[in-house]
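Following: one structure in structure tokens, then a few remarks.
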Amino acid sequence: MMKRTIPILAIAATSYFVYACGNSANTEGRSDDSAYVAGPTSTGSDSTASVAAADIADTTFASKAAISGMAEVEFGQLALEKAQHARVKEFASMMVTDHGKANAELQEIAAADNLMLPTSLDAEHAEKRKELASKSGVEFDRAYVAAMVEGHEKTRDLMEQGKSSLTNEKLKGFAEKTTPIVLHHLELINTIKSEIK
């Protein structure tokens, strides 16, 4: 009787481990359910993935807008110290004021909606600031104006995209409100660029 019982228990144990391993293989790589996108036969997963994608888009926009705004203020403060051309100094003062206000508004939105914003420049903008700081005189003016044209073109594109693609209504409103300001800045800096020889 004992000899028959042992093989039966061995078969049962083997079956259990095969079943358990099969389930483990099916769930392997899916420890984070939010990152898993189910196939078309599943219900609800597509909408969950869409919400997650929308949250990422909102966070990405807020982060880029924050860094851009900080850069405009820091570069503007630098220009107030180093620029020679009167209109460059005027523009720099406008950057500190206008983007300072926009930065404060974005921080309020982020605080209300629990969005994490960067508190310092990224590597690209930090390197640009270092480059500007190394220049002086008309060389600085030209480099600053070129940086402002490039920066405002990128910010314009970011705001235009935000107006059409963001799901967070506050961020969308921020993009809509900021776009005409950025366009005005871009028009001014292009005019100043034509004056600097």
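Because only heavy atoms are used, hydrogens play no part in the values below, and waters and symmetry mates are left out as well, while side chains stay in. FYI, the numbering just counts along the sequence from 1. Treat the numbers as computed from the prediction; the structure is a model and nothing was measured.
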Check for a donor-acceptor pair, side chain of Ser164 on one end and backbone N or O of Gln161 on the other, with a separation under 3.5 Å. yes
Could you grab the distance from atom OG1 of Thr97 to atom CD of Glu72, nearest 0.5 Å is fine? 13.0 Å
Going by the salt bridge (charged side-chain N to carboxylate O under 4.0 Å, His left out) test, which pairs reach into residues 80-102, not counting sequence neighbours? Arg87-Glu195
Please give me the minimum heavy-atom distance between Leu166 and Ala57, naming the atom from each residue. CD2-O, 4.0 Å
Ala175 and Phe61: which non-hydrogen atoms are nearest, and at how many Å? CB-CZ, 3.9 Å
So, taking the atom named CG in Leu188 and the one named CE in Met94, what distance separates them when rounded to the nearest 0.5 Å? 5.0 Å
Any sub-3.5 Å donor-acceptor pair from Asn168's side-chain atoms to Asp58's backbone N or O? no
Using side-chain heavy atoms (C-beta onward) and a distance below 4.5 Å, is Lys170 in contact with Phe174? no
Strictly distance-based, threshold 3.5 Å: is any side-chain N or O of Ser63 a donor or acceptor partner for the main-chain N or O of Thr60? no
Does atom NZ of Lys163 have more than 12 heavy-atom neighbours, drawn from other residues, nucleotides or ligands, at distances under 6.0 Å? yes
Inspect the contact between Arg129 and Glu74 and indicate whether a charged nitrogen and a carboxylate oxygen are less than 4.0 angstrom apart. yes
Taking all non-hydrogen atoms of both residues into account, name the closest pair between Met70 and Pro118 and its distance. CE-O, 3.6 Å
Taking every non-hydrogen atom, the tightest pair across Asp141 and Ala83: OD1-CA, 3.1 Å
Look at the side chain of Ser68 and the backbone N and O of Lys64, then say whether any donor-acceptor pair between them is shorter than 3.5 Å. no
Between Arg156 and Glu160, is the salt bridge (Lys or Arg N to Asp or Glu O under 4.0 Å) condition met? List the steps. CA-CA 6 Å; Arg156 173 201 59 199; Glu160 292 287 358; over 6 Å; no
Glu176 atom CD, neighbour heavy-atom count above 12 within 6.0 Å: yes
Derivation and outcome, side-chain contact (heavy atoms from CB on, under 4.5 Å), residues Met148 and Leu186: CA-CA 8 Å; Met148 288 299 96; Leu186 186 55; over 6 Å; no
Closest contact, heavy atoms only, Ala79 versus Ala92: CB-CB, 3.5 Å
Between Val138 and Arg142, does a side-chain contact (heavy atoms from CB on, under 4.5 Å) hold up when you go through it step by step? CA-CA 6 Å; Val138 69; Arg142 287 176 184 150; 4.0 Å; yes
Are Leu78 and Ile196 linked, directly or through intermediate hydrophobic residues, by side-chain heavy-atom contacts shorter than 4.5 Å (ILVMFWY only)? yes
Inter-residue atom distance Leu171.CG - Met159.CE, 0.5 Å rounding: 9.5 Å
Indicate yes or no: does Lys128 engage Glu131 in a salt bridge with an N to O separation below 4.0 Å. yes
Residue pair Phe140 / Leu132: nearest heavy atoms and the distance that separates them: CD1-O, 3.3 Å
Would you call Glu169 and Lys172 a salt bridge, taking side-chain N to carboxylate O under 4.0 Å as the test? no
Return a table of donor-acceptor pairs under 3.5 angstrom between the side chains of residues 102-110 and protein atoms on other chains or two or more places apart.
from	atom 1	to	atom 2	distance (Å)
Asn103	ND2	Gly69	O	3.2
Asn103	ND2	His99	O	3.2
Glu105	OE1	Lys177	NZ	3.1

Does Val73 share a hydrophobic cluster with Tyr144, counting links as ILVMFWY side-chain heavy atoms below 4.5 Å and allowing steps through other members? no
Pairwise distance CZ(Phe91) to OG1(Thr191) - rounded to 0.5 angstrom: 10.0 Å
For Ile67 and His125, run side-chain contact (heavy atoms from CB on, under 4.5 Å): C-alpha distance rounded to whole Å, both residues' side-chain angles, the deciding distance at 0.1 Å, then the answer. CA-CA 8 Å; Ile67 289 172; His125 289 88; 3.5 Å; yes
Does one hydrophobic cluster hold both Leu183 and Ile189, with members joined at side-chain heavy-atom distances below 4.5 Å? no
Donor-acceptor pair, distance only, cut-off 3.5 Å: does the side chain of His184 make one with the backbone of Pro180? no
